[in-house]
Each structure stands twice: as structure tokens, then as C-alpha cells.
Number of protein chains: 2
Amino acid sequence: MASERPLRADARRNRERLLSVAVQALSREGAAVSLEAIARQAGVGIGTLYRHFPTREALIDAAYQGELDRLCDRVEDLLAAAPAQRALRAWMSHFVDYMGTKRGMGDALRALIASGGDPFARSRDRLTGAVATLLGAGRADGTLRADVAPDDVLVSLSGVSLATAERRDRDQVDRLLDLLMDGLRPR
Amino acid sequence: MASERPLRADARRNRERLLSVAVQALSREGAAVSLEAIARQAGVGIGTLYRHFPTREALIDAAYQGELDRLCDRVEDLLAAAPAQRALRAWMSHFVDYMGTKRGMGDALRALIASGGDPFARSRDRLTGAVATLLGAGRADGTLRADVAPDDVLVSLSGVSLATAERRDRDQVDRLLDLLMDGLRPR
DNA sequence: AGGCTAACCGGAGGTTCCTCCGTATCATTC
DNA sequence: GAATGATACGGAGGAACCTCCGGTTAGCCT
């Protein structure tokens, strides 16, 4: 694999312009933006947009990658401030919040979490890594089970996000997360 | 509410024809069927289809309502054959199986589960009822917690379905359901 | 029967989606 | 600095989405 030949100059220019327009458009109009509008605004043809970002999810994913990194970075702070169990619970909240805020991240998320495919692998790995760190700390301090795979937790978490996407019922989300946590504690 | 004036003769005819075509088309081509194709095949205009089924989900929901009823009906048998905890776990498997088989039920499901709105209320209530029965039995025989709302379990379950929709990983689904069950047992 | 009206029908039309491929542009080599 | 692949660009085109509203009927009433 790999062999990422460095993009041609014009290609990189276009890619960047598309991304910056997309970020604005997404936070302004939500996930259902017209891709054609984005292309137009970026001054490129629709074909160019699709070449750089083969699916709507790919575009959204790329647009939010920065913030998603920040989400993963919080793990350290959380672990410094509380025992693993509490840190994990807090991070879950942040995760769901984030997915909720960025309207339409939801759909991208499903593709992302489900992807065995390469395109989103980076984001996926970051998320799995974050969960793994939290679970690891939990195993160390004994507040979390040791026999659960990070990936399973991540997928469960995405399930909660997806299932609660439309009726934004904060209380229910909390209850679902608590339920999940109950399953993650040693008996 | 209510006031369901009985559909006019032609309307009912069309509705039924649409439904029967939809059932075939859905099991043949999955959720992404072209609605225009269905309308064409049923010999009605696209407008007629949209009047009867305002969204794709509404159509899918209606198409599968029969089978979904059967799913809910299984609860009794399961409860007769095993303690509540095991019955619930088995029903969960059936639920996820069902959602997986009927490709694209997934998307309908999200709308359905999330709907505070009337249109899908019937299916929704049936499902919630099924879970409530199982939980009730669990409370009675002490194998399940008494402080969890049926609705929360249903939404969690739909979360598992949604999150695992594309990579059909049977083992992972089982693990996620086990995790959920762990949260539902009394400590 | 004949007439009336609420209810229903159908499809044109404006958008968006995504693909495909001829043309234009870059970058490398001589 | 010209030639020549390799890459990237752009938009036409066909399919599908969903809405809207003028025209058509079924069912009721006299």
C-alpha cells in the first residue's frame, strides 16, 4: 500500500480550498449541504470535488478531523483528573456531544466506524486508541473490566450516538451511557 | 387524533398495490430501491406514492410491519422456554438479525425508533411493548434489573443494529449484546 | 339519475447526486 | 525550452429525489 505520491500543486490548492469552504458550509447548513454548492463556491468543478472526496462522508470526515483530534487529546486531561471509570464516562459524554453538535457527523461516523476500508483509517485509529487508553487505565486501577475490546466500546458508543441522533434527549443519552458503563465495570 | 376516515376505494387499491410491489422490490434490491421505479411498477404516479408514504422510511416500515409483528409475537414463546434473562438475550439476537436481513430496515428503524411523531407510532409501541414484557418477566424472576426503562433498552438495541449495520460481524454483534445484557443484570 | 365536492391522481419541474471522459495543466527529461 | 507522459480539471448527462397543483373521480345527497 502507501506510495502516496505528493499531490500535484494545483490539486493541493484545490483540495485545500474545498476543505475550507466545506468547514464553513457544514457548520452553517449542517450535513445536508449541497456538494455542488461547495464546489461552486470553491471555484472548482463538481468532478474535482468528487475526486478528492469520493463520498460525502469523506469530505465531512476531512473537514472535522482537526476537532476530532482534539477530542481524542482530552483523554489525558480526563485521566489526570479522575479515576479511569469516571474519565471514561466523561469522555463518552464528550464523544456523543461532539457527534450531536456537528450535525451530520453522525452519518459520516457510521461510515467511519464501520470502515474496514482505508480512507478513514486514521480517524478510526485515533478513536480506538483513545478508548484503549481509557480502558487500559481502568484495568490498572481496577475500576473497569479487562476483558472488553476497545473497538467494541467504540462501536457501542457510536451506536448510542446514532440511535439518539434525532430526538436530542440529553437525559436519555445519559441513561444509555450509564447502562453501557454498568456493563463495563467488573462484577 | 384518530378520525381515520376510511380511505376511498381507489386510494386503498393503490396503497395496496404499492405495498405489494414495495415488499418484492425491497427484498430484491435492498433499501436503496428507486421509489420512482416502485411507483412505475405499481402503475401509479410518483405523487401517489409520496402521498401514501411521505418518506422512504414510511414505506419500508409499512412493508415490513407484518414481519415485525411476528418478531414481537415471539416473545411469548421465548419466555415460555427460558428464564427472562435468557429470553431477552435471544430476542435481542432475533431483533438484530431481522434488522440485518431486511437490508435498509436500518434507516427506517432509526426514524422509527426516534420518532416522537405519530406516523410510526404503532410499530414503535409494539416493540416497546415486547421489551417491556421481557423486562417485566425479568423483574419477576429476579434475573434482570427493575430500574431500566423499556424504551432505553429498545434504543440501545437499535444502536447496536445501526452501529454494526455495514460490517456484518456476527461475533461482534454478540459481544455487544452481551455487554448490554451485563448492564441489565442486577449487581 | 344527476350533481356536488372532498379526496385522490399524476407527472412536470427544479434540485441534487454521482459518473465518465475529452481537454487542459503540471512536472520531468533531454 | 520543447516534448511528452502523467495527473488533474470541469461539466454534461442520466437517474432519483420530492413538491406542487390542475385535472379527475368516488361517494354522498336530493
Side-chain angles (χ1 to χ4, degrees), chain A residues 2-22 24-26 28-63 103-104 106-108 110-111 117 119-120 166, chain B residues 2-22 24-26 28-63 103-104 107-108 110-111 117 119-120:
Chain A
S3 87
E4 289 295 307
R5 166 179 302 231
L7 278 184
R8 221 170 74 175
D10 52 347
R12 202 159 51 79
R13 251 196 321 272
N14 282 335
R15 187 174 200 285
E16 269 161 27
R17 196 176 303 153
L18 277 169
L19 221 37
S20 108
V21 170
Q24 288 181 262
L26 281 171
R28 181 161 18 91
E29 316 186 29
V33 235
S34 156
L35 298 190
E36 312 223 313
I38 290 183
R40 219 171 325 157
Q41 241 179 90
V44 305
I46 186 63
T48 299
L49 187 154
Y50 275 95
R51 192 164 342 90
H52 284 294
F53 308 102
T55 70
R56 171 180 238 91
E57 283 74 35
L59 177 58
I60 298 181
D61 177 59
R103 265 279 138 252
D107 293 324
R110 183 170 48 203
F120 306 117
E166 7 248 86
Chain B
S3 87
E4 288 296 308
R5 166 179 303 230
L7 277 184
R8 224 171 73 173
D10 52 347
R12 203 159 49 79
R13 254 196 318 274
N14 281 336
R15 187 174 200 285
E16 270 161 26
R17 196 175 304 152
L18 277 168
L19 221 38
S20 109
V21 171
Q24 289 179 263
L26 280 170
R28 181 160 21 89
E29 315 187 28
V33 235
S34 156
L35 298 190
E36 312 223 311
I38 291 183
R40 219 171 326 161
Q41 241 177 91
V44 304
I46 185 65
T48 300
L49 186 153
Y50 273 96
R51 192 164 342 90
H52 285 294
F53 308 102
T55 68
R56 170 180 239 93
E57 283 75 33
L59 176 60
I60 298 181
D61 177 59
R103 257 311 160 210
D107 292 324
R110 184 169 48 201
F120 306 117

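In what follows, every chain begins at residue 1, and chains take the letters A, B, ... in the order their sequences are listed. Quantities reported herein were computed from a predicted structural model and do not represent experimental measurements.
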Enquirer: Nearest to the B:R56 side chain among C:dG10, D:dC17, D:dA8, which nucleotide is it?
Expert: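 From the listed options, D:dC17 comes nearest.
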Enquirer: Using modelled atom types only, decide if a donor and an acceptor are shared between the side chain of B:R17 and the backbone of B:R12 within a distance under 3.5 Å.
Expert: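 No, the answer is negative, given that no donor and acceptor are paired below the 3.5 Å cut-off.
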Enquirer: What distance do A:L7 atom CG and A:R15 atom CZ have between them, rounded to the nearest 0.5 Å?
Expert: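 One gets 7.0 Å once the value is rounded to the nearest 0.5 Å.
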Enquirer: Counting only side-chain nitrogens and oxygens, does A:N14 get under 4.0 Å of the OP1 or OP2 atom of D:dA8?
Expert: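 It does not, given that no N or O in the side chain of A:N14 lies less than 4.0 Å from OP1 or OP2 of D:dA8.
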Enquirer: With pairs defined as Watson-Crick or G-U wobble and both distances under 3.5 angstrom, please note down DNA chain D as a dot-bracket string, | for pairing with another strand.
Expert: ||||||||||||||||||||||||||||||
Enquirer: Is the phosphate of C:dC8, meaning OP1 or OP2, less than 4.0 Å from a side-chain N or O of B:H52?
Expert: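 Negative; the distance criterion is not met.
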Enquirer: Nearest-Å distance, CZ (B:R17) to P (C:dC9)?
Expert: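 Rounding to the nearest Å, CZ of B:R17 and P of C:dC9 are 11 Å apart.
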Enquirer: Can you tell me how far the OG atom of A:S34 sits from the CD1 atom of A:I46, to the nearest 0.5 Å?
Expert: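 One gets 7.0 Å once the value is rounded to the nearest 0.5 Å.
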Enquirer: Could you check how far CZ of A:R13 sits from C1' of C:dA24, rounded to whole Å?
Expert: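 Taking atom C1' of C:dA24 as the reference, CZ of A:R13 is at 14 Å.
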Enquirer: Could you walk me through whether B:E29 and B:V33 pass side chain to side chain contact (heavy atoms under 4.5 Å, CB included), step by step?
Expert: CA-CA 6 Å; B:E29 315 187 28; B:V33 235; 3.9 Å; yes
Enquirer: Whole-Å distance between D:dT19 C1' and B:L35 CG?
Expert: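 Value for this atom pair: 14 Å.
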Enquirer: Side-chain N or O of A:R51 versus OP1/OP2 of D:dC9: is the shortest distance under 4.0 Å?
Expert: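 Answer yes for this pair, as a side-chain N or O of A:R51 is under 4.0 Å from OP1 or OP2.
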Enquirer: To the nearest 0.5 Å, what is the distance between NE2 (A:H52) and CG (A:L59)?
Expert: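 That separation rounds to 11.5 Å.
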Enquirer: Rounded to whole Å, please give me the gap between CG in A:D10 and P in C:dT23.
Expert: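 My rounded result for the distance is 19 Å.
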Enquirer: B:V44 has a side chain; which of C:dG10, C:dC17, D:dA8 sits nearest to it?
Expert: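 The nucleotide sitting nearest to the side chain is C:dG10.
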Enquirer: Ignoring the backbone of B:I46, work out which of D:dA26, C:dC17, C:dG11 is nearest its side chain.
Expert: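 Given the options D:dA26, C:dC17, C:dG11, the side chain of B:I46 is closest to C:dG11.
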Enquirer: Phosphate oxygens OP1/OP2 of D:dG10: is one of them under 4.0 Å from a side-chain N or O of A:T48?
Expert: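 True: A:T48 side-chain N/O within range (under 4.0 Å) of D:dG10 OP1/OP2.
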Enquirer: Begin with the C-alpha distance, continue with both residues' side-chain angles, and end with the deciding distance and a verdict on side chain to side chain contact (heavy atoms under 4.5 Å, CB included) for A:I60 and A:T55.
Expert: CA-CA 9 Å; A:I60 298 181; A:T55 70; over 6 Å; no
Enquirer: Could you walk me through whether A:F53 and A:D61 pass side chain to side chain contact (heavy atoms under 4.5 Å, CB included), step by step?
Expert: CA-CA 10 Å; A:F53 308 102; A:D61 177 59; over 6 Å; no
Enquirer: In this structure, how many angstroms lie between the P atom of D:dA8 and the CG atom of A:L7, rounded?
Expert: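 It is 6 Å, rounded to the nearest whole Å.
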Enquirer: For a quick check, tell me whether the side chain of B:R8 and the base of C:dA7 share a donor-acceptor pair closer than 3.5 Å.
Expert: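 Counting by modelled atom types and ignoring angles, a donor-acceptor contact under 3.5 Å is found here.
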Enquirer: Are B:L49 and B:N14 side-chain neighbours, meaning at least one heavy-atom pair lies under 4.5 Å?
Expert: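 Heavy-atom side-chain distance check fails, nothing below 4.5 Å.
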Enquirer: Whole Å only: how far is the CZ atom of B:F53 from the P atom of C:dC9?
Expert: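 About 11 Å, once rounded to whole Å.
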Enquirer: Could you pick out which residue, B:E36 or B:A11, lies toward the 5' side of DNA chain C when each is mapped onto its nearest nucleotide?
Expert: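 It is B:A11, whose closest nucleotide lies nearer the 5' terminus.
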Enquirer: Pick the nucleotide of DNA chain C nearest each of A:Y50 and B:G43; which residue has the one closer to the 5' end?
Expert: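 Comparing both residues, the 5'-ward one is B:G43.
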Enquirer: Starting from P on C:dA27, measure out to CZ on A:R12 and report it in whole angstrom.
Expert: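 For the pair A:R12 CZ and C:dA27 P, the rounded distance is 10 Å.
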Enquirer: How many Å lie between CG on A:L49 and P on C:dC17, as a whole number?
Expert: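 Value for this atom pair: 9 Å.
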Enquirer: For D:dC17, take OP1 and OP2 only and decide whether either is under 4.0 Å from a side-chain N or O of B:S34.
Expert: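 Yes, B:S34 has a side-chain N/O under 4.0 Å of OP1/OP2 on D:dC17.
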